[in-house]
2 protein chains.
Amino acid sequence: MPDRIPQSPSEKTVERLSLYRYLLYGILAEGERNIFSHALAAMAAVSSAQVRQDMMVLGYSGSPNQGYEVGKLIASITEFLDDGHGRNIALVGIGNLGRAILSNFSGQRSRLQIVAAFDVNWQIVNRLIHGCWCFPMEKLHGVMKEQDITLGIVTVPPAAAQVVADQLCEGGVRGILNFAPVRLRVPEDVYVSNLNITVALEKVAYFAHHGMVRVESPSREEAKV
Amino acid sequence: MPDRIPQSPSEKTVERLSLYRYLLYGILAEGERNIFSHALAAMAAVSSAQVRQDMMVLGYSGSPNQGYEVGKLIASITEFLDDGHGRNIALVGIGNLGRAILSNFSGQRSRLQIVAAFDVNWQIVNRLIHGCWCFPMEKLHGVMKEQDITLGIVTVPPAAAQVVADQLCEGGVRGILNFAPVRLRVPEDVYVSNLNITVALEKVAYFAHHGMVRVESPSREEAKV
DNA sequence: TTCTGTTTGTGAAATAACTAACAGCGTTAA
DNA sequence: TTAACGCTGTTAGTTATTTCACAAACAGAA
């Protein structure tokens with residue numbers, strides 16, 4: 001008898017879990033030991049029902065009247081997302097955006113780590129940037145193997161993105177976060193997620209000036225009486 | 001008799017329209033005058049049905065057997081998204097990420113334009129960065145009024161984000177693209193969209209190593225026979 | 001012209017995501 | 001101990017989004 005139907009979570013669920021964990025670290029830092037679903041919901045700008053539903057994919061259960069233990073909930077999300085071990089990441093393209101990500105990501109509380117950066121420009125490689133060693137592109141394959149890198153971040157100009165993606169795939173990458181406004185063609189088993197800043201901005205512009213949809217704060221959803 | 005029910009489009013539809021337009025400019029540059037829904041779909045990594053459905057919110061119709069006229073389709077999307085006129089944007093926080101956005105955005109083919117950047121650091125203001133003039137924070141309100149700025153991009157550290165958002169709102173901003181990992185509290189009529197790079201990366205890490213969901217390329221959906 | 005092969009536009013069906021609602025439990029207070 | 005309250009886990013219901021499927025339209029060939 002199967003113990004449980006696998007039922008892989010949706011992308012949105014994973015995103016929210018990641019966000020919850022981030023928020024929970026903040027809670028923990030403030031010394032709170034417990035939190036209710038509606039409090040977490042308010043911080044994440046979702047409904048409390050959504051939070052409880054998301055919790056169902058984790059093994060962890062809160063207790064009635066006490067809510068969730070922050071520490072255990074973090075541990076639970078971490079076990080779920082990271083599966084116990086961290087992942088090593090290569091960042092390719094040390095331009096403005098690449099540097100931004102390197103600096104924002106150093107000293108992060110996730111088990112993901114950018115362990116190497118790469119660029120074609122010889123003037124900027126062979127040194128540390130924000131604590132991360134920069135290699136010339138030629139070393140990509142070798143370093144990926146040495147460091148057991150399984151994830152890649154692509155922050156190169158659009159024209160170079162596909163070539164870089166090919167090299168990452170050849171190096172054995174399993175997933176790519178792509179900032180170049182290009183759809184990458186990769187083997188079946190490589191997961192790609194695109195982050196297009198221009199699109200994001202145009203969306204904001206549209207809804208800012210056409211109103212309608214309201215995404216932030218279901219707010220006082222459960223205000224009393 | 002009402003000509004048409006308004007029926008505001010979903011966020012996802014707007015994002016896709018923005019992406020289509022971006023892709024169509026590329027098509028146009030290659031000299032193609034027409035395109036089919038399935039070709040555009042392949043580039044955007046969605047289904048052809050999705051493309052046609054999205055087209056329904058525009059007034060424009062393609063012609064059977066000829067597809068869509070690229071130029072007219074771009075014009076149609078532009079009319080829909082930009083409503084005829086451009087928008088002026090203020091970027092706050094000239095760190096690594098801010099610079100990245102300034103450089104990626106200069107000379108873009110959208111009608112959105114970053115017309116001013118702001119920072120608290122006196123050493124980096126009062127000069128051009130990637131073609132954009134940088135002001136000290138004190139000038140925010142004045143410049144916003146002068147330049148008719150209605151959109152803001154927040155690329156400051158988390159701790160400063162709420163204060164910046166407050167100032168932007170006071171300056172009359174209608175929408176904010178927020179990169180700080182914080183939920184901003186803003187008045188009802190200000191639209192906020194959050195872009196959390198860490199969350200995006202953790203999502204990639206999860207699906208890269210747990211498989212399941214496949215987002216890229218419905219691919220050869222309509223391969224013959 | 002007429003036939004053939006394709007493609008669009010669109011409502012209906014299917015799927016996915018979210019919300020509501022409530023039984024059951026733990027905590028607290030008498 | 002017992003009762004009352006508030007929160008969680010969970011299922012069912014609702015809404016949003018995507019895909020299907022097919023009529024109508026057009027171009028090209030014969």
Side-chain angles (χ1 to χ4, degrees), chain A residues 4-5 7-17 19-20 32-42 44-70 72-73 76 212-225, chain B residues 4-5 7-17 19-20 32-42 44-70 72-73 76 212-225:
Chain A
R4 185 204 300 210
I5 295 94
Q7 225 232 131
S8 92
S10 71
E11 300 208 337
K12 294 200 167 182
T13 300
V14 171
E15 286 180 6
R16 281 191 301 263
L17 286 172
L19 177 61
Y20 296 158
E32 300 288 336
R33 310 194 63 75
N34 288 67
I35 188 167
F36 296 134
S37 64
H38 60 80
L40 185 53
V46 300
S47 71
S48 65
Q50 182 76 79
V51 169
R52 292 200 300 279
Q53 184 128 112
D54 289 337
M55 294 309 169
M56 288 178 66
V57 308
L58 310 173
Y60 179 66
S61 278
S63 76
N65 224 22
Q66 292 297 100
Y68 305 95
E69 272 186 61
V70 178
K72 291 197 177 167
L73 187 46
S76 218
M212 300 290 179
V213 181
R214 176 87 190 151
V215 72
E216 293 306 299
S217 60
S219 57
R220 55 226 178 300
E221 46 149 334
E222 31 209 48
K224 278 281 99 72
V225 184
Chain B
R4 184 204 300 212
I5 295 94
Q7 225 230 131
S8 92
S10 71
E11 299 209 338
K12 293 199 169 185
T13 301
V14 171
E15 285 180 6
R16 282 192 301 264
L17 286 173
L19 177 61
Y20 297 157
E32 300 288 337
R33 310 195 63 75
N34 288 67
I35 189 166
F36 297 134
S37 64
H38 60 79
L40 186 53
V46 300
S47 72
S48 65
Q50 181 76 80
V51 170
R52 292 200 300 277
Q53 185 93 218
D54 289 335
M55 293 310 167
M56 287 178 67
V57 308
L58 309 173
Y60 180 65
S61 278
S63 76
N65 224 23
Q66 292 297 100
Y68 305 95
E69 272 186 63
V70 178
K72 291 197 177 166
L73 187 45
S76 217
M212 301 290 180
V213 181
R214 176 85 190 152
V215 72
E216 293 306 299
S217 61
S219 58
R220 56 225 177 299
E221 45 149 334
E222 30 209 48
K224 278 283 98 73
V225 184

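Proteins come first, then strands; the chains are lettered A, B, ... in the order of their sequence lines, and each starts at number 1.
The structure places OG of B/Ser37 at 12.0 Å from CD of B/Gln53, a figure rounded to the nearest 0.5 Å. Here CE of A/Met55 is found 7.0 Å from CG of A/Leu17. Values are rounded to the nearest 0.5 Å.
Rounded to whole Å, the distance from CZ on B/Arg52 to C1' on D/dA25 is 14 Å. Distance, B/Tyr60 OH to C/dT8 P: 10 Å, rounded to whole Å. As a whole-Å value, the separation of A/Phe36 CZ from C/dC25 P is 19 Å. Look at NE2 on B/His38: it is 11 Å from C1' on C/dT8, rounded to the nearest Å. Rounded to an integer number of Å, the gap from A/Met55 CE to D/dC7 P is 15 Å. Atom CE of B/Met56 is separated from atom P of C/dT10 by 5 Å (rounded to the nearest Å). Straight-line distance from the CG atom of A/Asn34 to the P atom of C/dT27: 11 Å, rounded to whole Å. For the pair A/Glu15 CD and C/dC18 P, the computed distance is 10 Å after rounding to whole Å.
Across C/dT8, C/dC22, D/dT19, the shortest atom-to-atom separation from the side chain of B/Ser47 is found for D/dT19. Each of D/dT8, D/dT17, C/dT8 was ranked by its minimum atom distance to the side chain of B/Ser10; first place goes to D/dT17. When the nucleotides C/dT8, D/dT18, C/dT27 are ranked by their closest atom to the side chain of B/Lys12, D/dT18 comes out on top.
Counting only heavy atoms from C-beta outward, the side chains of B/Val46 and B/Asp54 never approach each other to under 4.5 Å.
Counting distance only, with no hydrogens placed and no angle test, the side-chain atoms of B/Gln53 and the base atoms of D/dT17 include no donor-acceptor pair under 3.5 Å.
Close to C/dT7, at under 4.0 Å from its OP1 or OP2, lies no side-chain N or O of B/Ser37.
The residue among A/Gln50 and A/Asn65 whose nearest nucleotide of DNA chain C is located toward the 5' end is A/Gln50.
Residue-level contact check: B/Ser61 touches the backbone only, with heavy atoms under 4.0 Å from sugar-phosphate atoms and none from bases.
The side chain to side chain contact (heavy atoms under 4.5 Å, CB included) with B/Tyr20 is formed by just one residue from the set B/Leu73, B/Val51, B/Leu58; it is B/Val51.
In plain terms, the two heavy atoms of A/Arg52 and A/Tyr68 that are nearest each other are CG-OH, 3.7 Å.
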